[in-house]
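Worksheet: one structure, shown below.
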Protein chains: 2
Amino acid sequence: MGRRSDHTREELRALLISRGHALMAEQGLAKFSGREVAKRAGYSVGTIYNVFGSLDGLIATINSHTFSLWADHLHKRLDAAGEDRIKALVEGYFDFALEHPNLWSAIYEHRLAEGEELPEREQGQRAALTAIVEQEVRAALSDPDMPGAARFARSLIATVHGHCSYVVSGTFALLDEPDPVGSALARVRESIAAQRVELAVTSSFN
Amino acid sequence: MGRRSDHTREELRALLISRGHALMAEQGLAKFSGREVAKRAGYSVGTIYNVFGSLDGLIATINSHTFSLWADHLHKRLDAAGEDRIKALVEGYFDFALEHPNLWSAIYEHRLAEGEELPEREQGQRAALTAIVEQEVRAALSDPDMPGAARFARSLIATVHGHCSYVVSGTFALLDEPDPVGSALARVRESIAAQRVELAVTSSFN
DNA sequence: TTAAAAAATTAGACAGCGTTCAGTTTTATG
DNA sequence: CATAAAACTGAACGCTGTCTAATTTTTTAA
(Lines give C-alpha, C1' and ligand atoms only; values in the text may rest on other atoms or scores of the structure.)
Protein backbone atom coordinates (compact mmCIF):
# COMPACT_ATOMS: atom_id res chain seq x y z
CA MET A 1 0.00 0.00 0.00
CA GLY A 2 1.19 3.50 -0.70
CA ARG A 3 0.14 6.89 0.46
CA ARG A 4 -3.10 7.15 2.42
CA SER A 5 -5.17 10.06 3.61
CA ASP A 6 -6.85 8.55 6.66
CA HIS A 7 -5.09 11.05 8.88
CA THR A 8 -3.20 14.26 8.56
CA ARG A 9 0.38 14.25 9.70
CA GLU A 10 -0.61 15.72 13.05
CA GLU A 11 -3.45 13.27 13.55
CA LEU A 12 -1.19 10.35 12.77
CA ARG A 13 1.40 11.62 15.20
CA ALA A 14 -1.21 12.01 17.92
CA LEU A 15 -2.64 8.57 17.16
CA LEU A 16 0.71 6.84 17.50
CA ILE A 17 1.49 8.66 20.72
CA SER A 18 -1.91 7.76 22.12
CA ARG A 19 -1.67 4.07 21.25
CA GLY A 20 1.93 3.97 22.37
CA HIS A 21 1.06 5.61 25.65
CA ALA A 22 -1.65 3.03 26.26
CA LEU A 23 0.71 0.17 25.52
CA MET A 24 3.37 1.64 27.79
CA ALA A 25 0.84 1.95 30.60
CA GLU A 26 -0.22 -1.67 30.14
CA GLN A 27 3.11 -3.36 29.64
CA GLY A 28 5.93 -1.11 30.73
CA LEU A 29 9.08 -0.28 28.81
CA ALA A 30 10.56 -3.77 28.95
CA LYS A 31 7.67 -5.26 26.97
CA PHE A 32 7.00 -2.21 24.86
CA SER A 33 6.95 -3.00 21.15
CA GLY A 34 6.94 -0.66 18.20
CA ARG A 35 5.33 -3.27 16.01
CA GLU A 36 2.48 -3.58 18.48
CA VAL A 37 1.95 0.17 18.55
CA ALA A 38 1.80 0.26 14.76
CA LYS A 39 -0.63 -2.63 14.69
CA ARG A 40 -2.94 -0.92 17.17
CA ALA A 41 -2.87 2.26 15.11
CA GLY A 42 -3.63 0.33 11.93
CA TYR A 43 -0.33 1.18 10.30
CA SER A 44 2.84 -0.77 9.64
CA VAL A 45 6.07 -0.50 11.59
CA GLY A 46 7.82 1.65 9.05
CA THR A 47 5.41 4.49 9.69
CA ILE A 48 6.88 4.96 13.16
CA TYR A 49 10.28 5.51 11.58
CA ASN A 50 8.76 7.87 9.10
CA VAL A 51 7.05 10.00 11.77
CA PHE A 52 9.45 9.77 14.70
CA GLY A 53 12.73 8.90 13.05
CA SER A 54 13.33 5.99 15.37
CA LEU A 55 11.63 3.91 17.99
CA ASP A 56 13.61 5.78 20.62
CA GLY A 57 12.07 8.97 19.28
CA LEU A 58 8.57 7.61 19.82
CA ILE A 59 9.40 6.43 23.33
CA ALA A 60 10.94 9.77 24.24
CA THR A 61 7.81 11.51 22.98
CA ILE A 62 5.58 9.19 24.99
CA ASN A 63 7.64 9.94 28.08
CA SER A 64 7.45 13.66 27.51
CA HIS A 65 3.70 13.31 27.26
CA THR A 66 3.72 11.51 30.60
CA PHE A 67 5.55 14.51 32.03
CA SER A 68 2.72 16.74 30.85
CA LEU A 69 0.07 14.54 32.45
CA TRP A 70 2.11 14.53 35.63
CA ALA A 71 2.35 18.32 35.67
CA ASP A 72 -1.43 18.56 35.13
CA HIS A 73 -1.91 16.23 38.05
CA LEU A 74 0.24 18.40 40.28
CA HIS A 75 -1.61 21.52 39.26
CA LYS A 76 -4.93 19.94 40.19
CA ARG A 77 -3.55 18.81 43.52
CA LEU A 78 -2.23 22.27 44.25
CA ASP A 79 -5.51 23.93 43.29
CA ALA A 80 -7.30 21.70 45.75
CA ALA A 81 -4.67 22.18 48.44
CA GLY A 82 -5.11 24.09 51.66
CA GLU A 83 -2.30 25.82 53.48
CA ASP A 84 0.16 22.97 53.26
CA ARG A 85 1.12 23.17 49.61
CA ILE A 86 4.38 21.32 50.09
CA LYS A 87 2.47 18.33 51.37
CA ALA A 88 0.14 18.49 48.38
CA LEU A 89 3.16 18.58 46.11
CA VAL A 90 4.87 15.58 47.66
CA GLU A 91 1.67 13.57 47.75
CA GLY A 92 0.87 14.55 44.19
CA TYR A 93 4.31 13.39 43.13
CA PHE A 94 3.79 10.02 44.72
CA ASP A 95 0.26 9.26 43.74
CA PHE A 96 0.82 9.99 40.10
CA ALA A 97 3.70 7.52 40.14
CA LEU A 98 1.62 4.93 41.98
CA GLU A 99 -1.38 5.36 39.69
CA HIS A 100 0.76 4.94 36.58
CA PRO A 101 3.79 2.92 37.64
CA ASN A 102 4.67 1.73 34.13
CA LEU A 103 4.44 5.18 32.61
CA TRP A 104 6.38 6.69 35.47
CA SER A 105 9.12 4.08 35.44
CA ALA A 106 9.51 4.33 31.69
CA ILE A 107 10.61 7.93 32.11
CA TYR A 108 13.62 6.88 34.11
CA GLU A 109 14.38 3.57 32.44
CA HIS A 110 14.67 4.99 28.97
CA ARG A 111 17.94 6.55 27.86
CA LEU A 112 18.44 8.41 24.65
CA ALA A 113 21.14 6.99 22.41
CA GLU A 114 24.36 8.89 22.78
CA GLY A 115 24.43 11.99 20.64
CA GLU A 116 20.65 12.20 20.46
CA GLU A 117 18.86 15.14 22.02
CA LEU A 118 15.29 15.92 22.91
CA PRO A 119 13.48 18.37 20.65
CA GLU A 120 12.89 21.73 22.32
CA ARG A 121 9.17 21.15 22.59
CA GLU A 122 9.74 18.06 24.72
CA GLN A 123 12.40 19.68 26.85
CA GLY A 124 9.78 22.25 27.73
CA GLN A 125 7.24 19.59 28.70
CA ARG A 126 9.78 18.12 31.07
CA ALA A 127 11.00 21.40 32.51
CA ALA A 128 7.43 22.39 33.41
CA LEU A 129 7.41 19.94 36.28
CA THR A 130 10.59 21.31 37.76
CA ALA A 131 9.20 24.83 37.43
CA ILE A 132 6.09 23.97 39.45
CA VAL A 133 8.18 22.63 42.31
CA GLU A 134 10.59 25.51 42.19
CA GLN A 135 7.77 28.00 42.51
CA GLU A 136 6.27 26.26 45.52
CA VAL A 137 9.61 25.79 47.22
CA ARG A 138 10.40 29.46 46.76
CA ALA A 139 7.09 30.35 48.36
CA ALA A 140 7.82 28.06 51.29
CA LEU A 141 11.20 29.68 51.80
CA SER A 142 9.70 33.05 52.71
CA ASP A 143 12.55 34.68 50.78
CA PRO A 144 11.64 33.73 47.23
CA ASP A 145 14.87 35.24 46.00
CA MET A 146 17.17 33.19 48.15
CA PRO A 147 20.36 32.54 46.22
CA GLY A 148 20.50 28.94 45.10
CA ALA A 149 16.76 28.44 45.51
CA ALA A 150 16.52 26.74 42.12
CA ARG A 151 19.28 24.29 42.96
CA PHE A 152 17.73 23.69 46.34
CA ALA A 153 14.36 22.93 44.76
CA ARG A 154 15.94 20.41 42.42
CA SER A 155 17.67 18.77 45.33
CA LEU A 156 14.31 18.37 47.05
CA ILE A 157 12.90 16.83 43.89
CA ALA A 158 15.75 14.34 43.98
CA THR A 159 14.97 13.60 47.61
CA VAL A 160 11.33 12.84 46.91
CA HIS A 161 12.23 11.00 43.74
CA GLY A 162 14.47 8.64 45.66
CA HIS A 163 11.72 7.72 48.07
CA CYS A 164 9.21 7.36 45.27
CA SER A 165 11.41 5.14 43.15
CA TYR A 166 11.94 2.81 46.10
CA VAL A 167 8.19 2.52 46.50
CA VAL A 168 7.46 1.88 42.85
CA SER A 169 10.25 -0.65 42.48
CA GLY A 170 9.15 -2.50 45.60
CA THR A 171 12.39 -1.95 47.49
CA PHE A 172 10.65 -0.16 50.32
CA ALA A 173 7.98 -2.84 50.57
CA LEU A 174 10.75 -5.35 51.08
CA LEU A 175 12.19 -3.15 53.79
CA ASP A 176 8.83 -2.87 55.44
CA GLU A 177 8.50 0.90 55.30
CA PRO A 178 4.95 1.75 56.45
CA ASP A 179 4.79 5.35 55.28
CA PRO A 180 7.19 6.31 52.50
CA VAL A 181 5.27 9.45 51.58
CA GLY A 182 5.45 10.59 55.18
CA SER A 183 9.20 9.92 55.27
CA ALA A 184 9.79 11.87 52.09
CA LEU A 185 7.71 14.74 53.37
CA ALA A 186 9.56 14.73 56.69
CA ARG A 187 12.92 14.99 54.91
CA VAL A 188 11.67 17.82 52.74
CA ARG A 189 10.34 19.73 55.73
CA GLU A 190 13.60 19.30 57.59
CA SER A 191 15.56 20.74 54.71
CA ILE A 192 13.22 23.65 54.19
CA ALA A 193 13.34 24.42 57.90
CA ALA A 194 17.13 24.34 57.77
CA GLN A 195 17.17 26.91 54.97
CA ARG A 196 14.85 29.15 56.95
CA VAL A 197 17.10 28.99 59.98
CA GLU A 198 20.17 29.68 57.91
CA LEU A 199 18.41 32.65 56.41
CA ALA A 200 17.42 33.92 59.84
CA VAL A 201 20.97 33.58 61.10
CA THR A 202 22.36 35.34 58.06
CA SER A 203 19.82 38.15 58.39
CA SER A 204 20.61 38.72 62.04
CA PHE A 205 24.11 39.75 61.03
CA ASN A 206 22.87 42.55 58.81
CA MET B 1 27.74 -32.32 22.81
CA GLY B 2 26.65 -33.85 26.07
CA ARG B 3 27.94 -33.69 29.56
CA ARG B 4 31.33 -32.07 30.04
CA SER B 5 33.68 -31.85 32.96
CA ASP B 6 35.48 -28.62 32.17
CA HIS B 7 34.05 -27.07 35.30
CA THR B 8 32.34 -28.12 38.47
CA ARG B 9 28.90 -26.80 39.03
CA GLU B 10 30.23 -24.04 41.25
CA GLU B 11 32.94 -23.07 38.79
CA LEU B 12 30.45 -22.92 35.98
CA ARG B 13 28.15 -20.78 38.06
CA ALA B 14 30.98 -18.41 38.92
CA LEU B 15 32.11 -18.31 35.30
CA LEU B 16 28.69 -17.31 34.02
CA ILE B 17 28.31 -14.65 36.68
CA SER B 18 31.73 -13.28 35.89
CA ARG B 19 31.18 -13.11 32.14
CA GLY B 20 27.68 -11.78 32.65
CA HIS B 21 28.94 -9.12 35.01
CA ALA B 22 31.52 -8.02 32.47
CA LEU B 23 28.91 -7.82 29.72
CA MET B 24 26.56 -5.87 31.95
CA ALA B 25 29.31 -3.40 32.77
CA GLU B 26 30.10 -2.95 29.09
CA GLN B 27 26.62 -2.78 27.61
CA GLY B 28 24.05 -2.16 30.32
CA LEU B 29 20.83 -4.03 30.89
CA ALA B 30 19.14 -2.86 27.69
CA LYS B 31 21.75 -4.55 25.50
CA PHE B 32 22.47 -7.44 27.82
CA SER B 33 22.15 -10.79 26.08
CA GLY B 34 22.09 -14.25 27.53
CA ARG B 35 23.33 -15.74 24.31
CA GLU B 36 26.35 -13.46 24.42
CA VAL B 37 27.11 -14.44 28.00
CA ALA B 38 26.96 -18.10 27.07
CA LYS B 39 29.19 -17.55 24.07
CA ARG B 40 31.80 -15.75 26.16
CA ALA B 41 31.77 -18.57 28.68
CA GLY B 42 32.14 -21.16 25.93
CA TYR B 43 28.79 -22.79 26.59
CA SER B 44 25.44 -22.73 24.82
CA VAL B 45 22.40 -20.72 25.84
CA GLY B 46 20.62 -23.64 27.39
CA THR B 47 23.24 -23.89 30.09
CA ILE B 48 22.09 -20.60 31.59
CA TYR B 49 18.64 -22.06 32.00
CA ASN B 50 20.11 -25.18 33.45
CA VAL B 51 22.14 -23.30 36.05
CA PHE B 52 19.99 -20.27 36.84
CA GLY B 53 16.52 -21.43 35.83
CA SER B 54 15.93 -18.36 33.74
CA LEU B 55 17.71 -15.38 32.29
CA ASP B 56 16.05 -13.24 34.94
CA GLY B 57 17.69 -15.48 37.51
CA LEU B 58 21.13 -14.80 36.05
CA ILE B 59 20.51 -11.07 35.92
CA ALA B 60 19.28 -11.00 39.51
CA THR B 61 22.40 -12.87 40.56
CA ILE B 62 24.63 -10.46 38.67
CA ASN B 63 22.88 -7.56 40.39
CA SER B 64 23.28 -9.12 43.79
CA HIS B 65 26.97 -9.49 43.06
CA THR B 66 27.10 -5.80 42.21
CA PHE B 67 25.60 -5.10 45.63
CA SER B 68 28.46 -7.01 47.21
CA LEU B 69 31.07 -5.05 45.30
CA TRP B 70 29.32 -1.87 46.30
CA ALA B 71 29.32 -2.84 49.97
CA ASP B 72 33.05 -3.66 49.73
CA HIS B 73 33.63 -0.27 48.22
CA LEU B 74 31.81 1.44 51.07
CA HIS B 75 33.77 -0.50 53.65
CA LYS B 76 37.04 0.61 52.07
CA ARG B 77 35.88 4.19 51.99
CA LEU B 78 34.86 4.04 55.62
CA ASP B 79 38.13 2.47 56.67
CA ALA B 80 39.99 5.33 55.04
CA ALA B 81 37.64 7.94 56.42
CA GLY B 82 38.48 10.50 59.08
CA GLU B 83 35.93 11.96 61.45
CA ASP B 84 33.29 12.67 58.86
CA ARG B 85 32.04 9.18 58.17
CA ILE B 86 28.71 10.35 56.79
CA LYS B 87 30.54 12.26 54.10
CA ALA B 88 32.61 9.19 53.27
CA LEU B 89 29.41 7.18 53.00
CA VAL B 90 27.65 9.58 50.67
CA GLU B 91 30.71 10.00 48.50
CA GLY B 92 31.26 6.26 48.44
CA TYR B 93 27.67 5.76 47.33
CA PHE B 94 28.11 8.18 44.47
CA ASP B 95 31.48 7.22 43.19
CA PHE B 96 30.66 3.55 42.98
CA ALA B 97 27.64 4.44 40.87
CA LEU B 98 29.67 6.78 38.69
CA GLU B 99 32.49 4.28 38.25
CA HIS B 100 30.09 1.54 37.21
CA PRO B 101 27.04 3.29 35.81
CA ASN B 102 25.79 0.30 33.82
CA LEU B 103 26.12 -2.12 36.72
CA TRP B 104 24.54 0.35 39.10
CA SER B 105 21.63 1.18 36.81
CA ALA B 106 20.94 -2.47 36.10
CA ILE B 107 20.13 -2.96 39.76
CA TYR B 108 17.24 -0.56 39.56
CA GLU B 109 16.12 -1.23 36.00
CA HIS B 110 15.64 -4.93 36.48
CA ARG B 111 12.39 -6.20 37.93
CA LEU B 112 11.76 -9.77 38.93
CA ALA B 113 8.81 -11.37 37.21
CA GLU B 114 5.75 -11.34 39.40
CA GLY B 115 5.70 -14.20 41.85
CA GLU B 116 9.46 -14.68 41.66
CA GLU B 117 11.56 -14.07 44.74
CA LEU B 118 15.23 -13.64 45.43
CA PRO B 119 17.00 -16.58 47.03
CA GLU B 120 17.95 -15.92 50.64
CA ARG B 121 21.65 -15.73 49.83
CA GLU B 122 21.06 -12.83 47.47
CA GLN B 123 18.69 -11.06 49.82
CA GLY B 124 21.54 -11.06 52.30
CA GLN B 125 23.98 -9.57 49.78
CA ARG B 126 21.57 -6.73 49.21
CA ALA B 127 20.67 -6.16 52.84
CA ALA B 128 24.35 -5.77 53.74
CA LEU B 129 24.46 -2.37 52.13
CA THR B 130 21.51 -1.11 54.10
CA ALA B 131 23.10 -2.45 57.26
CA ILE B 132 26.29 -0.48 56.72
CA VAL B 133 24.38 2.75 56.34
CA GLU B 134 22.16 2.03 59.30
CA GLN B 135 25.15 1.49 61.53
CA GLU B 136 26.80 4.76 60.50
CA VAL B 137 23.59 6.73 60.79
CA ARG B 138 22.99 5.35 64.26
CA ALA B 139 26.47 6.44 65.25
CA ALA B 140 25.85 9.90 63.88
CA LEU B 141 22.64 10.19 65.86
CA SER B 142 24.41 10.08 69.23
CA ASP B 143 21.53 7.99 70.51
CA PRO B 144 22.08 4.78 68.60
CA ASP B 145 18.85 3.39 70.01
CA MET B 146 16.62 6.17 68.80
CA PRO B 147 13.25 4.68 67.93
CA GLY B 148 12.80 4.56 64.18
CA ALA B 149 16.52 4.84 63.50
CA ALA B 150 16.35 2.02 60.98
CA ARG B 151 13.52 3.65 59.06
CA PHE B 152 15.31 6.96 59.24
CA ALA B 153 18.48 5.44 57.82
CA ARG B 154 16.56 3.94 54.91
CA SER B 155 14.96 7.28 54.24
CA LEU B 156 18.41 8.84 54.02
CA ILE B 157 19.45 6.13 51.59
CA ALA B 158 16.45 7.04 49.47
CA THR B 159 17.48 10.68 49.62
CA VAL B 160 21.00 9.99 48.41
CA HIS B 161 19.71 7.49 45.90
CA GLY B 162 17.47 10.12 44.33
CA HIS B 163 20.35 12.50 43.82
CA CYS B 164 22.58 9.75 42.52
CA SER B 165 20.06 8.43 40.02
CA TYR B 166 19.61 11.92 38.60
CA VAL B 167 23.34 12.18 38.08
CA VAL B 168 23.75 8.78 36.48
CA SER B 169 20.77 9.24 34.18
CA GLY B 170 21.95 12.68 33.17
CA THR B 171 18.85 14.47 34.43
CA PHE B 172 20.87 16.71 36.71
CA ALA B 173 23.32 17.50 33.96
CA LEU B 174 20.41 18.80 31.92
CA LEU B 175 19.59 21.06 34.84
CA ASP B 176 23.16 22.17 35.27
CA GLU B 177 23.76 21.09 38.84
CA PRO B 178 27.42 21.74 39.67
CA ASP B 179 27.71 19.63 42.83
CA PRO B 180 25.17 16.86 43.20
CA VAL B 181 27.18 15.00 45.83
CA GLY B 182 27.39 18.16 47.89
CA SER B 183 23.65 18.67 47.60
CA ALA B 184 22.90 15.14 48.70
CA LEU B 185 25.27 15.46 51.61
CA ALA B 186 23.71 18.77 52.63
CA ARG B 187 20.24 17.22 52.71
CA VAL B 188 21.49 14.30 54.77
CA ARG B 189 23.19 16.57 57.26
CA GLU B 190 20.08 18.69 57.62
CA SER B 191 17.96 15.66 58.41
CA ILE B 192 20.45 14.22 60.88
CA ALA B 193 20.71 17.60 62.59
CA ALA B 194 16.93 17.74 62.81
CA GLN B 195 16.83 14.37 64.55
CA ARG B 196 19.44 15.53 67.04
CA VAL B 197 17.43 18.63 67.86
CA GLU B 198 14.26 16.63 68.24
CA LEU B 199 16.07 14.29 70.56
CA ALA B 200 17.41 17.20 72.61
CA VAL B 201 13.95 18.71 72.90
CA THR B 202 12.44 15.41 73.92
CA SER B 203 15.16 14.82 76.49
CA SER B 204 14.70 18.22 78.05
CA PHE B 205 11.20 17.20 79.07
CA ASN B 206 12.41 14.23 81.07
C1' DT C 1 -4.55 18.55 -18.65
C1' DT C 2 -0.94 16.05 -18.05
C1' DA C 3 3.84 14.65 -16.93
C1' DA C 4 7.13 14.49 -13.51
C1' DA C 5 8.58 14.84 -8.80
C1' DA C 6 7.90 14.17 -4.02
C1' DA C 7 5.89 12.03 -0.14
C1' DA C 8 3.74 8.28 2.43
C1' DT C 9 3.13 3.63 3.20
C1' DT C 10 3.85 -1.27 2.99
C1' DA C 11 5.91 -5.78 2.68
C1' DG C 12 9.68 -8.28 3.23
C1' DA C 13 14.41 -9.26 4.49
C1' DC C 14 17.87 -9.42 8.08
C1' DA C 15 20.08 -10.39 12.26
C1' DG C 16 19.32 -10.82 16.78
C1' DC C 17 16.66 -12.01 20.98
C1' DG C 18 14.53 -15.34 24.99
C1' DT C 19 12.62 -19.70 25.65
C1' DT C 20 11.80 -24.50 25.07
C1' DC C 21 12.79 -29.24 24.04
C1' DA C 22 14.28 -33.57 21.90
C1' DG C 23 18.44 -35.79 21.43
C1' DT C 24 23.13 -36.96 22.73
C1' DT C 25 26.88 -37.72 25.74
C1' DT C 26 28.88 -38.26 30.13
C1' DT C 27 28.79 -39.39 34.97
C1' DA C 28 26.85 -41.67 38.94
C1' DT C 29 24.20 -45.43 40.99
C1' DG C 30 23.08 -50.21 42.27
C1' DC D 1 27.97 -54.05 33.81
C1' DA D 2 23.33 -52.11 33.03
C1' DT D 3 20.51 -48.55 34.04
C1' DA D 4 19.20 -44.09 35.64
C1' DA D 5 20.23 -39.36 36.15
C1' DA D 6 22.46 -35.24 34.95
C1' DA D 7 24.64 -31.98 31.76
C1' DC D 8 24.92 -29.98 27.48
C1' DT D 9 23.91 -28.90 22.63
C1' DG D 10 21.54 -27.45 18.52
C1' DA D 11 17.74 -26.30 16.36
C1' DA D 12 13.16 -24.54 16.26
C1' DC D 13 9.61 -20.98 17.46
C1' DG D 14 7.87 -16.57 17.55
C1' DC D 15 9.15 -12.37 18.70
C1' DT D 16 12.01 -7.94 18.27
C1' DG D 17 14.19 -3.38 15.95
C1' DT D 18 15.91 -1.65 11.74
C1' DC D 19 16.42 -0.94 6.96
C1' DT D 20 15.26 -0.83 1.97
C1' DA D 21 12.91 -1.57 -2.53
C1' DA D 22 8.65 -1.18 -4.46
C1' DT D 23 4.12 0.81 -4.80
C1' DT D 24 0.65 4.11 -4.52
C1' DT D 25 -1.05 8.66 -3.78
C1' DT D 26 -0.63 13.57 -3.66
C1' DT D 27 1.51 17.69 -5.03
C1' DT D 28 3.83 20.54 -8.22
C1' DA D 29 5.02 22.48 -12.77
C1' DA D 30 4.54 23.01 -17.51
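Bear in mind that the values here come from a model prediction, so they are computed numbers and not experimental data. Throughout, protein chains are lettered first and strands after them, A, B, ... in sequence-line order, and every chain is numbered starting at 1.
Looking at heavy-atom distances under 4.0 Å, B:I48 makes no contact with the nucleic acid at all. Counting any heavy atom pair closer than 4.0 Å across all strands shown, B:L12 reaches sugar-phosphate atoms only and no base atom.
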Please write out the pairs of protein N or O atoms and N or O atoms of nucleotides 18-22 of chain C separated by less than 3.5 Å, giving the distance to one decimal.
from	atom 1	to	atom 2	distance (Å)
C:dG18	OP1	B:G34	N	3.1
C:dG18	OP2	B:G34	N	3.2
C:dG18	OP2	B:R35	N	3.4
C:dG18	N7	B:R35	NH1	2.1
C:dG18	O6	B:R35	NH1	3.0
C:dG18	O6	B:R35	NH2	3.4
C:dT19	OP2	B:Y49	OH	2.3
C:dT19	O5'	B:Y49	OH	3.0

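Between the C1' atom of D:dG17 and the CG atom of A:L29 lies a distance of 13 Å, rounded to the nearest Å. B:D6 has its CG atom 11 Å from the C1' atom of D:dC8, to the nearest Å. Counting to the nearest Å, the P atom of C:dT27 and the CZ atom of B:R9 are 15 Å from each other. Separating the CD atom of A:E10 from the P atom of C:dA7 is a distance of 17 Å, rounded to the nearest angstrom. Atom NE2 in A:H7 sits roughly 17 Å away from atom C1' in D:dT25 (whole-Å rounding). Taking atom NZ on A:K39 and atom C1' on D:dC15, their separation rounds to 11 Å, with Å as the unit. Nucleotide C:dG23 holds its P atom 18 Å from the CG atom of B:N50, rounded to whole Å. Atom C1' of nucleotide D:dG17 and atom CZ of A:F52 are separated by 16 Å, given to the nearest angstrom.
For D:dA7, neither phosphate oxygen OP1 nor OP2 lies less than 4.0 angstrom from any side-chain nitrogen or oxygen of B:T47.
Surrounding CD of B:E83 are at most 12 heavy atoms belonging to other residues, nucleotides or ligands under 6.0 Å away. Other residues, nucleotides and ligands contribute over 12 non-hydrogen atoms within 6.0 Å of the CD atom of B:E11.
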- Task: Give the intermediate values and the outcome of side chain to side chain contact (heavy atoms under 4.5 Å, CB included) for residues B:R9 and B:N50.
- Result: CA-CA 11 Å; B:R9 193 67 174 186; B:N50 190 19; 3.6 Å; yes

Q) Stepwise, does the side chain to side chain contact (heavy atoms under 4.5 Å, CB included) test hold for B:K39 with B:V45? A) CA-CA 8 Å; B:K39 195 202 287 184; B:V45 217; over 6 Å; no

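A:F96 pairs with exactly one of A:W70, A:W104, A:F67 by the ring-ring contact (aromatic ring centres under 6.0 Å, His included) rule, that one being A:W70.
The aromatic rings of B:Y166 and A:Y108 lie parallel to each other, with less than 30° between the two planes, well short of the 60° mark.
A salt bridge is defined here as a Lys NZ or Arg NE, NH1 or NH2 lying under 4.0 Å from an Asp or Glu carboxylate O, and A:R77 with A:E99 fails to meet this definition.
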